[in-house]
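To start, the structure itself, in structure tokens.
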Amino acid sequence: MSTLPADNFTVELQPLDTHRAEKAKWLLNSPEPPSLWHQITISIRQTVLPLGNTGGTAVCFLQGIFPILKWGRNYKAAQFKNDFMAGLTLASLCIPQSIGYATLAKLEPQYGLYTSVVPPLIYALMGSSREIAIGPVAVVSLLLSAMIQKIVDPFVDPTNYTRLVFTVTFFAGTFQALFGLFRLGFLVDFLSHAAIVGFMGGAAIVIGLQQLKGLLGINYFTTNTDIVSVLDAVVKSLHNPWNPLNFVLGCSFLIFILITRFIGRRNRKLFWLPAMAPLFSVILSTLIVYLTKADKHGIKIVKHFKGGLNPSSVHQLQFGSPHVGEAAKIGLICAIIALTEAIAVGRSFASLKGYQLDGNKEMVAIGFMNIVGSLTSCYTATGSFSRTAVNFSAGCETVVSNMVMAITVLISLVFLTRLLYYTPIAILASIILSALPGLIDLNEAYNIWKLDKLDFLVCIGAFFGVLFGSVEIGLLIAIVISFAKIILHSIRPSTEVQGKLPATDIFCDITQFPMATKISGILIIRVNSGTLCFANANFIKERILKSVIDENEENTRERVGVLVLDMSNVMNIDTSGIIALEELHKKLISQGIELAVANPRWTVINKLKLAKFVDKIGAERVFLTVEDVVDAFLRLKMTGLGSC
């Protein structure tokens with residue numbers, strides 16, 4: 001059979017089937033897509049207004065920003081009882097961890113407790129997760145100390161270092177709030193799951209190595225975070241006089257905490273035991289040091305510990321500093337890492353309780369709590385997985401448990417900080433070390449290896465980058481490999497030849513489904529790319545032309561008469577993509593082959609109309625489905641219009 005005559009195909013398509021022509025008109029006459037400004041407006045409205053609320057605009061707006069106004073009306077005393085007990089349990093774990101994480105961030109201990117007061121209270125008003133526990137976390141503390149100490153040495157100039165931390169926290173909160181308001185959550189997804197697994201694993205080892213300073217009672221330690229520098233500093237320090245009592249005390253309580261954690265996992269009813277163990281360790285070790293005067297015999301202690309309410313830090317923000325650019329960059333990195341951890345934690349526990357979590361609203365809540373935190377002497381806070389697990393196990397009902405925890409920490413700041421003067425630094429190191437195994441997920445790394453080798457490359461790239469380079473290098477390697485993966489898939493997308501499954505109207509890839517049969521004289525190709533753009537347009541065009549050549553060589557009895565381009569997967573197209581389609585059309589016409597377009601998406605068909613491409617190929621060659629094109633072609637053959 002020869003090629004279909006172009007004129008006959010054009011003239012007869014519409015009269016053959018009125019309903020099919022009507023469906024094509026639905027597609028061609030669809031309204032214009034919303035403008036960019038309209039999309040931004042809708043995005044902000046969806047973020048700040050709760051879905052499905054039919055109340056007044058002001059009430060909806062307030063409930064969108066402060067979800068507590070919506071669920072708080074139905075809050076019951078029985079729920080408060082559960083939240084109260086969960087909050088107290090959470091505080092018992094939060095207090096020692098917060099002190100330890102502050103030392104990890106190279107800040108004075110009270111700043112960790114400050115961060116466990118204001119941010120949880122703000123999140124309780126604005127957040128929508130019921131279980132998440134807000135406060136300082138190990139990874140963000142490491143990020144801050146690793147990057148800011150390159151600008152200001154915390155030991156030489158602790159005042160400016162602290163001010164820069166507050167400035168970074170302000171920028172982190174601002175970025176997080178903007179991500180949520182403009183629904184830019186996809187930016188967080190640039191750190192893929194594999195990258196996070198590798199980064200967390202590497203960061204856990206680096207954090208653990210950093211704790212050797214406190215565990216061994218070393219006076220001088222390296223400011224670098226890579227494993228080579230840290231181990232070199234430890235070896236050199238061991239040649240100098242050091243007191244093994246720090247190591248014995250720290251390891252003893254580390255073993256105690258790990259044993260209680262093991263018992264808690266074996267018996268879920270004893271969940272409170274591992275939660276209380278860190279606080280018990282702090283109290284007992286402090287008493288031991290105080291009663292035995294161990295600080296006189298080489299045990300390193302916290303000493304200075306400023307208590308009281310969170311002081312204002314508004315005047316400490318350094319927007320006029322020459323380092324404001326670096327502060328903004330560090331803030332962006334911390335914002336992404338903190339959001340990634342918080343949203344992952346929140347969604348994990350929300351799925352267990354059977355409710356949905358709006359990631360964009362969470363970003364807004366976390367952003368504002370960090371902005372307010374930066375004004376009240378707090379550093380970057382986020383959701384902690386270990387403390388959230390304790391909160392969940394303790395039976396929390398709502399974020400009121402965060403309020404109870406924050407108030408408990410505040411009471412401790414006002415009345416109990418003097419008692420922590422004799423707290424051994426080795427105990428804080430052991431508490432941080434006990435929390436690190438949860439950051440290393442070997443099973444997940446193995447699953448990533450089995451599922452996707454490129455993803456595993458991202459994972460180990462982030463892991464070794466953090467371990468042997470720095471936190472920034474690890475993140476950079478992960479992002480570069482992730483982008484390379486995206487670019488590789490974008491510039492070399494696949495195209496698939498489709499056939500019809502027997503006894504169905506379904507068209508699918510003939511390679512995946514060998515039972516699918518091709519339609520004689522017609523070649524159906526689907527483009528598997530979300531966008532047809534400058535990066536891949538020529539590649540796709542060449543792949544399509546090669547498929548036409550291969551099909552004609554394979555089937556010499558009846559050459560291809562119609563090429564159907566299934567664009568159901570293409571969500572957007574740019575000018576380069578349109579030019580590539582025009583060139584493809586000209587090339588096909590020169591070979592006597594008709595081009596038909598099936599199922600172009602809203603934005604795509606609108607741009608094709610604006611570029612006059614629809615006029616060039618003919619509106620009658622645009623179809624709603626592949627089945628419509630095939631049906632039209634077969635009807636033509638049956639009437640003999642397409643015969644030799």
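Checking side-chain atoms of S430 against main-chain N and O of C251 turns up no donor-acceptor pair under 3.5 Å. Not one N or O on the side chain of N370 forms a donor-acceptor pair closer than 3.5 Å with the backbone of T380. Here the side chain of S412 pairs a donor or acceptor atom with the backbone of T408 at under 3.5 angstrom. The closest donor-acceptor contact from the side chain of S313 to the backbone of S377 lies under 3.5 Å. The backbone N or O of V197 sits nowhere less than 3.5 Å from a side-chain atom of D441 that would complete a donor-acceptor pair. The backbone N or O of V289 sits nowhere less than 3.5 Å from a side-chain atom of K293 that would complete a donor-acceptor pair. When atom types are taken as modelled, the side chain of S128 and the backbone of L357 share no donor-acceptor pair closer than 3.5 angstrom. Side chain of D232 to main chain of V228: no donor-acceptor pair is present (N/O by atom type, distance under 3.5 Å, no hydrogens or angles). Of the possible polar contacts, none joining the T167 side chain to the L317 backbone as a donor-acceptor pair under 3.5 Å is found. In terms of modelled atom types and a separation under 3.5 Å, the side chain of N310 and the main chain of T376 share a donor-acceptor contact.
For the side chain to side chain donor-acceptor pair (under 3.5 Å) criterion with N160, the lone passing option out of Q318, H323, Q316 is Q318. For the side chain to side chain contact (heavy atoms under 4.5 Å, CB included) criterion with I205, the lone passing option out of I440, L439, V230 is I440.
For the residue pair D83 and V404, the shortest heavy atom distance occurs at O-CG2, 4.2 Å. When all heavy atoms are compared, the tightest approach of F179 to M363 is CB-SD, 3.7 Å. Residue I343 comes nearest to G359 through the heavy atom pair CD1-O, 4.0 Å, listed as atom of the first residue, atom of the second, then distance.
Atoms CG and CZ, on N391 and R130 in that order, are 13.0 Å from each other to the nearest 0.5 Å. Distance check: E362 CD to S129 OG gives 6.0 Å after rounding to the nearest 0.5 Å. Separating the OG atom in S92 from the CD atom in Q97 is a distance of 9.5 Å, to the nearest 0.5 Å.
Residue-environment remark: NZ (K353) exceeds the threshold of 12 foreign heavy atoms within 6.0 Å. More than 12 heavy atoms of other residues, nucleotides or ligands lie within 6.0 Å of CZ in F271, so this atom counts as buried by the packing criterion. More than 12 heavy atoms of other residues, nucleotides or ligands shown are found within 6.0 angstrom of OH on Y161. With a 6.0 Å radius and a threshold of 12 heavy atoms from other residues, nucleotides or ligands, K296 has its NZ atom at or below the threshold. By the 6.0 Å contact criterion, CZ on F256 is enclosed, its count of non-hydrogen atoms from other residues, nucleotides or ligands being greater than 12. By the neighbour-count criterion of 12 heavy atoms within 6.0 Å, atom OH of Y446 is sparsely surrounded, having that number or fewer from other residues, nucleotides or ligands.
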Go through the steps to decide whether Y379 and Y101 satisfy the test ring pair (Phe, Tyr, Trp, His ring centres under 6.0 Å), and finish with yes or no.
CA-CA 11 Å; Y379 72 94; Y101 293 151; 8.8 Å; no

Run the side chain to side chain contact (heavy atoms under 4.5 Å, CB included) check on R163 and S321 step by step: do they pass?
CA-CA 10 Å; R163 289 175 177 175; S321 166; over 6 Å; no

One pair to check against side chain to side chain contact (heavy atoms under 4.5 Å, CB included): L309 and V414. What are the steps and the verdict?
CA-CA 7 Å; L309 300 176; V414 174; 4.1 Å; yes

Is there a side chain to side chain contact (heavy atoms under 4.5 Å, CB included) between F170 and I371? Walk through the geometry before answering.
CA-CA 5 Å; F170 180 87; I371 291 173; 3.9 Å; yes

If you apply the rule side chain to side chain contact (heavy atoms under 4.5 Å, CB included), what do you find for I132 with Y123, and how did you get there?
CA-CA 10 Å; I132 195 168; Y123 181 85; 3.3 Å; yes

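Side-chain atoms of S192 and V458, non-hydrogen and from C-beta on, do get closer than 4.5 Å to each other. Side-chain contact between Q176 and M369: absent, with no pair of heavy atoms (C-beta onward) separated by less than 4.5 Å. Put simply, the side chain of L216 reaches to within 4.5 Å of the side chain of V234, judged on heavy atoms. Proximity of I448 to F456: side-chain heavy atoms (C-beta onward) are separated by under 4.5 Å at one or more points. Within the 4.5 Å cutoff, side-chain heavy atoms of H193 are placed close to those of E444. Side-chain contact between V390 and T89 is present, with at least one heavy-atom pair separated by less than 4.5 Å. Between C334 and L144, some side-chain heavy-atom pair lies under the 4.5 Å cut-off. In this structure, the side chains of L433 and L436 come closer than 4.5 Å at one or more pairs of heavy atoms.
D455 has a carboxylate O that lies under 4.0 Å from a charged side-chain N of K485, or vice versa, which qualifies the two as a salt bridge. With salt bridges taken as basic N to acidic carboxylate O contacts below 4.0 Å, none links K329 and E472.
Aromatic rings from F392 and F385 are positioned such that their centres are separated by 6.0 Å or more.
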